[in-house]
Amino acid sequence: MTKLIIHGRATSSNVQAVMWTAEELGLDCERLDVGGAFGGTDTADYLSMNPMGLVPTLQDGDTTLFESCAIVRYLGARYGDERFWPRDPAARALLDQWAEWGKGTFARAVVYDVFWTLVRIRKVDRDLDALAAGIANASKLAKMLDQRLGKGPYLAGENLTFADIILGHVLYRYYSLDFERVDTPNLDAYYDTLTNRPAYAEHVMVDYSSLKVE
Ligand SMILES: N[C@@H](CCC(=O)N[C@@H](CS)C(=O)NCC(=O)O)C(=O)O
């Protein structure tokens with residue numbers, strides 16, 4: 001197997017999902033600091049790999065991919081075992097619907113409506129009504145997830161799957177931001193389980209204070 005190259009700064013939550021996956025699957029990989037203050041995403045070379053000029057981008061031999069969730073699914077399908085990437089289409093789809101919900105609905109609420117306001121926008125410029133609405137929405141979704149998780153410990157029960165990565169990487173943002181969270185005992189236990197995985201602690205729980213705008 002060739003060494004994977006992952007282009008993207010460590011503070012990007014989308015890069016974190018890919019790094020977490022690579023580590024869980026025991027893949028040999030090198031991450032290159034690209035994007036944000038590092039730049040490097042607007043060169044012709046980079047844009048030929050990722051026309052959006054965003055991170056992450058994966059190179060695996062002759063295969064070059066952008067879009068973090070597509071990369072996680074590719075790595076799962078190519079290198080994951082039956083537990084991480086169930087081969088049965090229905091079993092996989094039942095997990096994937098929560099992965100998709102995690103990325104498209106929950107992460108959108110947490111990252112765009114809450115994280116972005118509290119971290120990426122100057123205090124004086126914040127729209128507090130929009131922030132309150134964002135927190136209310138994220139809280140409603142967190143309750144929904146709490147119910148789905150039940151006793152877990154993972155989405156599929158006993159084993160970590162690709163879906164936990166797509167859903168779970170945003171939880172570091174959700175739990176580390178300074179706002180009042182609703183009561184979600186199952187989700188709290190799930191997050192606790194994830195934080196006890198060395199790959200999550202190393203690649204997802206990355207200090208993002210360098211992104212903070214005062
Ligand atoms: N849907 C894309 C979104 C990629 C994206 O928005 N990446 C952000 C970082 S999380 C980015 O590249 N921001 C500009 C930069 O870091 O230079 C994915 O999941 O890969």
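Because only heavy atoms are used, hydrogens play no part in the values below, and waters and symmetry mates are left out as well, while side chains stay in. The model shown is predicted, which means the values in this text are computed figures rather than measured ones.
- Counting heavy-atom neighbours within 6.0 Å of Arg83 CZ, excluding the residue itself, gives a total of 12 or less.
- With hydrogens and angles disregarded, a donor-acceptor distance shorter than 3.5 Å links the side chain of Asp88 to the backbone of Ala91.
- The CD1 atom of Ile165 lies 10.0 Å from the NE2 atom of His169; values are rounded to the nearest 0.5 Å.
- The two atoms that bring Asn50 and Pro56 nearest to each other are ND2-O, 3.5 Å, heavy atoms only.
- Between Tyr172 and Ser13, the closest side-chain pair of non-hydrogen atoms is not below 4.5 Å.
- Under the 3.5 Å distance criterion, the side-chain polar atoms of Thr184 are left unmatched by any main-chain donor or acceptor of Asn186.
- Among all heavy-atom pairs drawn from Gly61 and Thr2, the shortest one is N-OG1, 3.5 Å.
- Listed by chain and residue number, Glu23 satisfy the side-chain hydrogen bond (donor to acceptor under 3.5 Å, both in side chains) test with His203 (two or more places apart in sequence, or in another chain).
- Proximity of Cys69 to Tyr74: side-chain heavy atoms (C-beta onward) are nowhere separated by under 4.5 Å.
- Checked by atom type and distance alone, the side chain of Asp60 never pairs as donor or acceptor with a backbone atom of Thr63 at under 3.5 Å.
- Residues Met19 and Val15 are in side-chain contact: their nearest non-hydrogen atoms beyond the backbone lie under 4.5 Å apart.
- Remark: Leu58 CG to Leu4 CG distance equals 5.5 Å, nearest 0.5 Å.
- Taking 4.5 Å as the limit, every side-chain heavy atom of Leu32 sits out of range of all side-chain heavy atoms of Ile6.
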*Run the numbers on Arg148 and Trp101 for side-chain contact (heavy atoms from CB on, under 4.5 Å), then give the verdict.*
CA-CA 12 Å; Arg148 163 60 183 83; Trp101 177 91; over 6 Å; no
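- A donor-acceptor pair under 3.5 Å links the side-chain atoms of Arg181 to the main chain of Leu177, judged by distance alone.
- Side chain of Asn196 to main chain of Thr193: no donor-acceptor pair is present (N/O by atom type, distance under 3.5 Å, no hydrogens or angles).
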Hey, can you pull the donor-acceptor pairs under 3.5 Å for the side chains in residues 134-142, sequence neighbours left out?
| from | atom 1 | to | atom 2 | distance (Å) |
| --- | --- | --- | --- | --- |
| Ser139 | OG | Ile135 | O | 2.6 |

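- Ion pairing between a basic and an acidic side chain is recognised when a charged N comes within 4.0 Å of a carboxylate O; Asp33 and Arg31 show such pairing.
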_Run the side-chain contact (heavy atoms from CB on, under 4.5 Å) test on Ser210 and Thr11 for me, step by step, so that the C-alpha distance in whole Å, both residues' side-chain angles and the decisive distance to 0.1 Å come before the verdict._
CA-CA 8 Å; Ser210 64; Thr11 49; 4.0 Å; yes
Using atom types as modelled, flag every donor-acceptor pair under 3.5 Å from a side chain in residues 34-42 to any protein atom, sequence neighbours excluded.
none

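- Identified under the salt bridge (Lys or Arg N to Asp or Glu O under 4.0 Å) test for residues 107-123, with sequence neighbours left out: Arg122-Asp125.
- Taking the six-membered ring wherever Trp is involved, the centroid distance between the rings of Tyr174 and Phe179 falls below 6.0 Å.
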*Check against side-chain contact (heavy atoms from CB on, under 4.5 Å), Asp81 and Leu25*: CA-CA 9 Å; Asp81 64 13; Leu25 297 178; over 6 Å; no
_Criterion side-chain contact (heavy atoms from CB on, under 4.5 Å) on Leu27 and Tyr79, from CA distance to verdict_ = CA-CA 8 Å; Leu27 305 176; Tyr79 301 110; 3.7 Å; yes
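- Legend: residues meeting side-chain hydrogen bond (donor to acceptor under 3.5 Å, both in side chains) with Glu24, ordered by chain and number and at least two apart, are Trp20, Arg197.
- Between the Arg87 side chain and the Ala77 main chain, a donor and an acceptor come within less than 3.5 Å of each other.
- To the nearest 0.5 Å, atoms CG (Leu211) and OG (Ser209) are separated by 8.0 Å.
- Residue Asn159 holds its CG atom at 10.5 Å from CG of Leu95, rounded to the nearest 0.5 Å.
- Rounding to the nearest 0.5 Å gives a distance of 8.0 Å between CG of Asp146 and CG of Asp183.
- Residues Ile166 and Val206 are members of separate hydrophobic clusters, defined by side-chain heavy-atom contacts under 4.5 angstrom among Ile, Leu, Val, Met, Phe, Trp and Tyr.
- A search for side-chain hydrogen bond (donor to acceptor under 3.5 Å, both in side chains) contacts involving Tyr208 returns Ser176, not counting sequence neighbours.
- Side-chain heavy atoms closer than 4.5 Å link hydrophobic residues (I, L, V, M, F, W, Y) into clusters, and following such links, possibly through other members, connects Leu128 to Val119.
- Minimum heavy-atom separation, Val72 to Thr21: CG2-OG1, 3.5 Å.
- The two residues Tyr190 and Asp164 come nearest to each other via the heavy atoms OH-OD1, 2.6 Å.
- No donor-acceptor distance shorter than 3.5 angstrom exists from the side chain of Arg73 to the backbone of Ser68, with no hydrogens or angles considered.
- Under the ring pair (Phe, Tyr, Trp, His ring centres under 6.0 Å) test applied with Tyr175, the options Tyr200, Tyr191, Phe115 reduce to a single match, Tyr191.
- Counting heavy atoms of neighbouring residues, nucleotides and ligands inside a 6.0 Å radius, atom CD of Gln97 exceeds 12 of them.
- Looking at heavy atoms from C-beta onward, Phe106 lies in side-chain contact with Val170 at the 4.5 angstrom threshold.
- Open room surrounds CD on Glu158; 12 or fewer heavy atoms of other groups in view lie less than 6.0 Å from it.
- Residues Leu145 and Val204 share a single hydrophobic cluster, defined by chaining ILVMFWY side chains whose heavy atoms lie under 4.5 Å apart.
- Put simply, the side chain of Leu194 reaches to within 4.5 Å of the side chain of Leu160, judged on heavy atoms.
- Between Tyr46 and Leu54, the closest heavy-atom pair is OH-O, 2.6 Å.
- Put simply, the residue from Leu149, Val182, Asp192 that forms a side chain to side chain contact (heavy atoms under 4.5 Å, CB included) with Leu187 is Leu149.
- Considering every non-hydrogen atom in both Lys212 and Leu118, the closest pair reads NZ-O, 2.9 Å.
- Note: Glu100 CD to Leu167 CG = 11.5 Å, rounded to the nearest 0.5 Å.
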